[in-house]
Asker: 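I'd like to ask you about the structure that follows.
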Amino acid sequence: MTRECSLLLPRVCAALADPRQPSSDDTCLEKLLDWFRGLTKFDPTVNLVQDNPCLTEFITSVLALPEPSPSILSFTLRLAGILAASENCFQCLQQEKLLVRLFGRDGPLNSALWEDASVRSGWVEGVHSMMHHQPALHFLCSGGGIDVIFTLQGDPSLFVASAASQLLVHMLTLSVESETTKPPSAKDCDWPACAQTIIKHIEDSLQSSSAPHIEQSLKLLTHLFGSCHATWTEVLWSGIAKQVESFLMEETVQAQPMLANLLLNMAWSPVFCDTEGSFWALVTSALEHLTPVQVGPLAAGILRLYKCPQDVRIQALTVLLQPMDCILRAASQPLEYAGLLDESVSDPATVESLLSSKSSCASLLCQTLAHLEKLLSLIHLPGDLPYTSLLRSLMTILQFCNGCLSPASPLGSTISRILINCFRVQRSALDVLAALSERKCCDTLIGSLFDVLLAYLESPNTSPTVLKKTFQATSKWLVHLQELSCSNNQLQQTEKILKDVFLVLQKRLCSPCWEVRDSSLEFLTVLIKSLRDQEEFRQSLLSSEVPRLAENLLEDPESYVRASAVTAVGHLAFITYFAPESPVLGNQYNKENTVAKLQEILSTDPEGFPRRAVISVFNKWLRQGCTGQLEDTEQFVSRVIQTVEHDLDWEVRLGGLKLVEVFCSQTICQLGLSQCPYAPVTSAVTSSVHQNESLQILCRAKVFGFLFRSLCDCDKPVGQRACDILLGLRSSFYPINTPQDSQGTADSAAGHGMAWLQRTLRQGSLAQNFPTDGGNGVDFQDPESMMLALGTINLEELHDELNKSSDHVEKSPQSLLQDILATVGTVEENEADCY
């Protein structure tokens, strides 16, 4: 703790303990606690209580108040716990009898304030914080505090109940690992006193007839097996395994939903996943007896395990796929295609019953689909999934949802009526469909799949959110389709699908709904990014009305749509204008017309999103060398710089700096300076000529004025980027890292100009009227002046200043203490007579 903080702390403690002062902001109190936590962790040997008597005085003052505020009492409990985490501080607080008064029977436990959840929460957190040594453990157990924690497991506040459960896990772990000389074993199970009390409570709760007590113990065990992987947990489990297993057989027990989480945490623990026999037999039993809704997370979790018996893995996959298999079987009777499963783990009638119910059908399918999507995202799938049947099942669900399938079976008819226009299920099914496109084994159903997708794209009943998901799935499957196209039949199929897709896209680009127009443009951009090198795609796109319609949307009334249109048109240019053999007539005119439109948006659009999109597109064009010869690029960059440097949106200005960075790099590389990694070694004379030429180009493009002005930008990221670029330029023009000695120019006009520039730059964003037109002796378009500026301006100092976080002042402990004092003010100020 610094001297300044130690001087401020007594005043802060006095202010917080004074009931006449207004309560300090909870955020400030949280930060104060974080500071004390940091102090105790940084040096556990420091005795904060002894070094700062004001802390014990503060606790004593709060305890002496007849009715302290709940927030201050909660803060005091948590502070005392943090301090007592150190054994030295614990002993000091014990000697003052403060811990007993805070956490014992005579403290807040028996006051009216205990009814406030924040006080109970503060008590639990305080106890948890101090539980780092045996004296604290013995203090709590001997004073009856452990019974309080048992009670708080059932607290009406879920936050307090969860914290109490986690505290018991922490105490059990601390007791076993600090109070035993050898780990407990099944033969010689001699638990320490505190651990024995907690374990007996768990056993008694599990054997009781009280559902809440059973649930509390199962939650505690779930926390324990999830956080502690010591071998003694297996000994603990051996004593309660039979009782937990019995819950699977008793359908009336409400604790069944928690068993899935418990078993999954155990399966992730190396203590249990490496064992054979009893544990995996229990998992198998759970997969058979838990309901499909309860068992889904367990099955999905098991399938993500690396270590798991093969038969359990197969069973988990069967459980997960059962609702999808039921959908396939319901679609047609007799079954026209192979189902997903050869046999079921549990009774199929249970799944059929859930899918036949309006209250459970959608939730079961959404849960199953969510698990499948996560499973498909894994790089290495555990075992082989029946991809073709799974795809057919997804298509069936989507057809049920839009009413395009008339099932013959009574079950199918019921499911179809429930799912019609069910957006939740549609979105989930489309997510899985998109993920399935990565798996190359569903090729036989491509035609049918696109029929389903096109039906969704065409239907006026498709909601905007579902349409967006359909676009995403369609784009992924179109990429997959291009990978397949090799035979004539497949090429014809691809051409037909692309033609149909662009016909639908034309309609969607004219939709009255702005979300639909926006999604359509995003879809077009994704397609161009992925497929612009494919001849069939380019021909289909350019023979449609899509490019014209996309360009029309540059003038859309909705700013989001204009931004998406800018991005789409920017990518379209790679096909229409920048391709080696562009098929568009009047290419040069159209190109210049498009560039002019985008520059107009950049300079006049009232919204930030379209302007950001334009500068992003210009960056992409420049990076890929699409802006023409160096002379054309120079004029292009200069125009853009002059537009963006006055933009009110800092992201647009930052985009302008990125453009400048690319331009500088390309200019230096093209003229053969060493900045380019593949440039040949050049002589000093040649290098000097190229250096001068590069400087002239950058000056003519007005790059330096923009960069130096940006150093004083009011938004720090802009200044940081400008400084990084200037440092890069200096390393190019002064490769040996020896900037010119400015002594000889100190008294010259140029020297005075550099001194003014250095002073102005040091003011940063406070600099007023920064000139870029040669004022104050600095000509930003003069190569010699800019060479001098790069060599004399202390860019490192500016770089350090710009990258220095304000946290060192604003988030310092001293600043925090001052803020608290400023918040509470003084008693005199608050005692003014309001009358």
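What you see below is based on every heavy atom in this structure, not just the backbone, and it leaves out hydrogens, waters and symmetry mates. Numbers here simply count residues along the sequence, with the first being 1.
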Asker: Got a donor-acceptor contact below 3.5 angstrom from the Ser269 side chain to the Asn265 backbone?
Answerer: no
Asker: How far apart are the closest heavy atoms of Gln196 and Trp191, and which atoms are they?
Answerer: OE1-O, 3.7 Å
Asker: Stepwise, does the side-chain contact (heavy atoms from CB on, under 4.5 Å) test hold for Asp116 with Leu73?
Answerer: CA-CA 10 Å; Asp116 193 295; Leu73 181 55; over 6 Å; no
Asker: Please confirm whether the backbone N or O of Ser118 pairs with a side-chain atom of Ser74, one donor and one acceptor, at under 3.5 Å?
Answerer: yes
Asker: Heavy atoms only: give me the nearest Lys97-Arg101 pair and the separation to one decimal.
Answerer: O-CG, 3.1 Å
Asker: Quick check: are there more than 12 heavy atoms from other residues, nucleotides or ligands sitting under 6.0 Å from CZ of Phe150?
Answerer: yes
Asker: Evaluate side-chain contact (heavy atoms from CB on, under 4.5 Å) for Glu177 paired with Cys228, printing each intermediate quantity in order.
Answerer: CA-CA 11 Å; Glu177 295 179 359; Cys228 180; 4.2 Å; yes
Asker: Would you say Arg611's side chain and Glu607's backbone share a donor-acceptor pair under 3.5 angstrom?
Answerer: yes
Asker: Mind checking whether Cys92 and Thr56 have side chains closer than 4.5 Å, heavy atoms only?
Answerer: no
Asker: Does Glu234 reach the side chain of Phe279, with side-chain heavy atoms less than 4.5 Å apart?
Answerer: no
Asker: Once you round to the nearest 0.5 Å, how far does CG of Leu152 lie from CG of Asp147?
Answerer: 11.0 Å
Asker: If only atom types and distance count, is the side chain of Ser142 paired as donor or acceptor with the main-chain N or O of His138 below 3.5 Å?
Answerer: yes
Asker: Would you say Ser377's side chain and Lys374's backbone share a donor-acceptor pair under 3.5 angstrom?
Answerer: yes
Asker: Taking Arg78 first and then Glu30, would you say they form a salt bridge - that is, a charged N and a carboxylate O separated by under 4.0 Å?
Answerer: yes
Asker: If we only count heavy atoms from C-beta on, is the Ser157 to Arg120 side-chain gap below 4.5 Å?
Answerer: yes
Asker: Any chance you could lay out the side-chain contact (heavy atoms from CB on, under 4.5 Å) test for Val148 and Phe103, step after step, and finish with the verdict?
Answerer: CA-CA 10 Å; Val148 178; Phe103 299 103; over 6 Å; no
Asker: If we only count heavy atoms from C-beta on, is the Cys194 to Met171 side-chain gap below 4.5 Å?
Answerer: yes
Asker: Please give me the minimum heavy-atom distance between Val124 and Ala164, naming the atom from each residue.
Answerer: CG1-N, 3.9 Å
Asker: Tell me the closest heavy-atom pair linking Cys13 and Leu55, and the distance in Å.
Answerer: SG-CD2, 4.1 Å
Asker: So which heavy atom on Trp232 is nearest to which on Thr173, and how close?
Answerer: CZ2-CA, 4.0 Å
Asker: Go through Leu726 and Ile793 one step at a time and tell me if the side-chain contact (heavy atoms from CB on, under 4.5 Å) criterion holds.
Answerer: CA-CA 10 Å; Leu726 284 165; Ile793 298 298; over 6 Å; no
Asker: Could you tell me whether Arg721 and Glu661 have a side-chain N and a carboxylate O separated by less than 4.0 Å?
Answerer: yes
Asker: Could you pull out the closest heavy-atom pair between His223 and Val169, with the gap in Å?
Answerer: CB-CG2, 3.7 Å
Asker: To the nearest 0.5 Å, tell me how far Leu264 CG sits from Leu298 CG.
Answerer: 6.0 Å
Asker: Can you check whether Gly719's main-chain N or O pairs, donor with acceptor, with Asp713's side chain at less than 3.5 Å?
Answerer: no
Asker: Measuring from atom CG of Leu657 to atom SG of Cys723, what distance do you get when rounded to the nearest 0.5 angstrom?
Answerer: 11.5 Å
Asker: Could you give the distance from NZ (Lys31) to CG (Leu817), rounded to the nearest 0.5 Å?
Answerer: 12.0 Å
Asker: Between Ser175 and Ile198, is any pair of side-chain heavy atoms under 4.5 Å apart?
Answerer: no
Asker: Would you mind checking if Asp34 and Arg37 are paired as a salt bridge, meaning a charged N to carboxylate O distance below 4.0 Å?
Answerer: yes
Asker: Tell me, do Phe36 and Leu32 make a side-chain contact under 4.5 Å, heavy atoms counted?
Answerer: yes
Asker: Side chains of Leu206 and Leu218: closer than 4.5 Å at any heavy-atom pair?
Answerer: yes
Asker: Is it the case that more than 12 heavy atoms not belonging to His213 sit under 6.0 Å from its NE2 atom?
Answerer: no
Asker: Would you find a donor on one side and an acceptor on the other, under 3.5 Å apart, between the side chain of Thr233 and the backbone of His229?
Answerer: no
Asker: Got Phe706 and Val644 here, is their nearest side-chain heavy-atom distance under 4.5 Å?
Answerer: yes
Asker: With no hydrogens and no angle check, is any side-chain donor or acceptor of His170 less than 3.5 Å from a backbone partner on Met131?
Answerer: yes
Asker: Under a 3.5 Å distance rule, please check whether Gln367 uses its side chain to pair with a backbone N or O of Val293 as donor and acceptor.
Answerer: yes
Asker: For Ile214, is there any backbone N or O sitting under 3.5 Å from a side-chain donor or acceptor partner on Ser217?
Answerer: no
Asker: Check the pair Glu57 / Ser61 against side chain to side chain donor-acceptor pair (under 3.5 Å), numbers first and verdict last.
Answerer: CA-CA 6 Å; Glu57 290 168 12; Ser61 300; over 6 Å; no
Asker: If you round to the nearest 0.5 Å, how far is CD of Glu87 from CD of Gln134?
Answerer: 8.5 Å
Asker: Using 0.5 Å steps for rounding, measure from the CD1 atom of Ile615 to the CG atom of Asp647.
Answerer: 9.0 Å
